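The shown structure was predicted, so the numbers you read here are calculated from the model rather than taken from an experiment. FYI, the numbering just counts along the sequence from 1.
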Amino acid sequence: MEFVVEETVDTADLKKFELQYHDQARKGPVSEKAQFDYAWCLVRSRYQQDMKRGVALLEDLFSRTSDETAKRDYLFYMAVGYTRIKEYQQALKYTAAIAKIEPKNRQAAELEKYIKDKMKKEGFMGMAIVGGAALAIGGLVGIAAAAIAKKS
């Protein structure tokens with residue numbers, strides 16, 4: 001699952017699908033396929049703003065389609081997008097929605113596990129950073145107090 005979440009799009013592919021999307025938008029309504037291709041490229045971009053735009057395009061597709069298979073796919077790719085922008089609760093909401101529709105969906109289960117592992121890892125890292133900062137500040141306060149005590 002890491003490959004799916006961590007994969008980045010080739011710049012040439014992003015440009016190609018961006019041109020297709022905008023060409024169709026200028027001429028009239030954009031096809032679902034063109035919007036999906038562009039959205040999936042954006043989600044795999046290196047830039048968070050692109051990822052957010054990709055998720056928004058996928059959410060739009062999800063709200064407009066009546067095709068249940070497409071809805072499931074859009075949920076999955078939205079979950080990947082939210083994972084990439086570190087909005088894990090939203091990503092888990094989408095994996096849970098897939099599980100409700102398809103309880104044995106292996107891809108959604110693997111993504112959910114990946115997200116929970118990321119949250120756990122980043123949570124511990126966050127606590128370690130906060131703890132380290134507290135120790136550093138405590139050490140500086142101790143040094144300052146010792147320096148003041150020596151002057152007295």
Side-chain angles (χ1 to χ4, degrees), residues 1-140:
M1 189 52 54
E2 183 175 350
F3 175 77
V4 173
V5 176
E6 300 297 327
E7 176 190 25
T8 56
V9 68
D10 180 62
T11 307
D13 285 342
L14 178 58
K15 290 282 183 208
K16 175 180 130 184
F17 290 112
E18 181 179 29
L19 283 172
Q20 275 182 355
Y21 177 83
H22 289 296
D23 281 348
Q24 285 188 19
R26 274 191 294 279
K27 295 174 184 172
V30 177
S31 71
E32 275 190 44
K33 181 177 179 359
Q35 185 166 332
F36 173 77
D37 290 342
Y38 181 44
W40 182 228
C41 284
L42 287 169
V43 165
R44 293 177 299 140
S45 169
R46 289 176 175 22
Y47 305 103
Q48 195 166 41
Q49 282 305 109
D50 286 351
M51 291 178 221
K52 288 178 179 180
R53 171 96 171 109
V55 169
L57 288 170
L58 289 167
E59 287 174 334
D60 177 62
L61 283 170
F62 179 83
S63 69
R64 291 188 297 119
T65 191
S66 57
D67 179 342
E68 292 303 314
T69 302
K71 280 188 179 281
R72 183 204 57 224
D73 291 344
Y74 299 150
L75 284 170
F76 178 78
Y77 293 114
M78 288 186 293
V80 170
Y82 277 114
T83 301
R84 287 182 55 90
I85 59 177
K86 300 180 188 282
E87 291 186 23
Y88 299 127
Q89 293 303 326
Q90 191 68 20
L92 288 172
K93 186 172 116 178
Y94 288 130
T95 58
I98 297 168
K100 192 172 184 179
I101 299 165
E102 277 185 17
K104 294 184 181 185
N105 186 304
R106 185 180 53 80
Q107 219 179 9
E110 286 177 17
L111 181 56
E112 181 178 335
K113 181 184 179 323
Y114 177 85
I115 295 165
K116 288 180 178 179
D117 289 347
K118 280 288 251 192
M119 290 173 73
K120 190 177 195 182
K121 181 181 174 187
E122 290 179 13
F124 285 133
M125 286 176 62
M127 287 190 302
I129 290 167
V130 169
L135 283 174
I137 291 170
L140 290 174

**Complete:** In short, Ala34 meets Val30 closest at the heavy-atom pair CB-CG1, 3.9 Å
**Message:** Would you compute the distance between atom OG1 of Thr95 and atom CD of Gln90 and round it to the nearest 0.5 angstrom?
**Reply:** 10.5 Å
**Fill in**
Hits for side chain to side chain donor-acceptor pair (under 3.5 Å) against Arg53, two or more places apart or cross-chain, chain-then-number order -> none
**Asked** Between Tyr77 and Tyr94, is the ring centre distance below 6.0 Å?
**Response** no
**Prompt:** Does Arg46 CZ have over 12 foreign heavy atoms under 6.0 Å away?
**Reply:** no
**Nearest heavy-atom neighbours spanning Leu42 and Gly54** = CB-CA, 3.7 Å
**Lys71 side chain vs Ser66 backbone, donor-acceptor pair below 3.5 Å** = no
**Prompt:** Are any non-hydrogen side-chain atoms of Gln107 and Ile98 less than 4.5 angstrom apart?
**Reply:** no
**Message:** Could you walk me through whether Asp50 and Leu14 satisfy the side-chain contact (heavy atoms from CB on, under 4.5 Å) test, starting with their C-alpha distance in whole Å, then the side-chain angles of each, then the deciding distance to 0.1 Å, before giving a yes or no?
**Reply:** CA-CA 10 Å; Asp50 286 351; Leu14 178 58; 4.3 Å; yes
**Item:** Validation row: Val80, Trp40 side chains within 4.5 angstrom (heavy atoms)
**Value:** yes
**Request:** Kindly write out the residues that satisfy side chain to side chain donor-acceptor pair (under 3.5 Å) with Lys100, not counting sequence neighbours, or none if the list is empty.
**Result:** none
**Item:** Glu87 versus Lys52, closest heavy-atom pair with distance
**Value:** OE2-CE, 4.5 Å
**Asked** Side chains of Lys121 and Lys118: does their closest heavy-atom pair fall under 4.5 Å?
**Response** no
**Message:** Closer than 3.5 angstrom, by distance alone: can the side chain of Thr65 be matched with the main-chain N or O of Phe62 as a donor-acceptor pair?
**Reply:** no
**Prompt:** Under 3.5 Å, side chain of Arg84 to main-chain N/O of Met51, donor-acceptor pair present?
**Reply:** no
**Prompt:** Taking all atoms of both residues into account, what is the closest heavy-atom pair of Thr83 and Ala91, and its distance?
**Reply:** OG1-CB, 3.4 Å
**Item:** Leu19 and Lys16: CA distance, side-chain angles, deciding distance, side-chain contact (heavy atoms from CB on, under 4.5 Å) verdict
**Value:** CA-CA 5 Å; Leu19 283 172; Lys16 175 180 130 184; over 6 Å; no
**Asked** Can you list the residues that meet the ring pair (Phe, Tyr, Trp, His ring centres under 6.0 Å) rule with Tyr88, with sequence neighbours excluded?
**Response** none
**Message:** Would you say that Gln24 contacts Ser31 through its side chain, given a criterion of any heavy-atom pair below 4.5 Å between the two side chains?
**Reply:** yes
**Asked** When the ring planes of His22 and Tyr38 are compared, do they come out parallel, tilted or perpendicular, using 30° and 60° as the limits?
**Response** perpendicular
**Item:** Contact check, side chains of Leu75 and Ile101, non-hydrogen atoms, under 4.5 Å
**Value:** yes
**Request:** Please report the C-alpha distance between Thr8 and Tyr47 in whole Å, then the side-chain angles of each, then the deciding distance to 0.1 Å, and finally whether the side-chain contact (heavy atoms from CB on, under 4.5 Å) criterion is met.
**Result:** CA-CA 10 Å; Thr8 56; Tyr47 305 103; over 6 Å; no
**Item:** Spacing of NZ belonging to Lys33 relative to CZ belonging to Phe17, to within rounding of 0.5 Å
**Value:** 6.0 Å
**Check: Glu112 and Asp117 side chains under 4.5 Å, non-hydrogen atoms** = no
**Prompt:** Should Leu92 and Met119 count as side-chain neighbours, where that means a heavy-atom distance under 4.5 Å?
**Reply:** yes
**Request:** Indicate yes or no: does Glu122 engage Lys86 in a salt bridge with an N to O separation below 4.0 Å.
**Result:** yes
**Message:** Please report the interatomic distance CD(Gln35) to CG(Leu57), rounded to the nearest 0.5 Å.
**Reply:** 5.0 Å
**Asked** So, do Val5 and Leu111 sit near enough that their side-chain heavy atoms are less than 4.5 Å apart?
**Response** yes
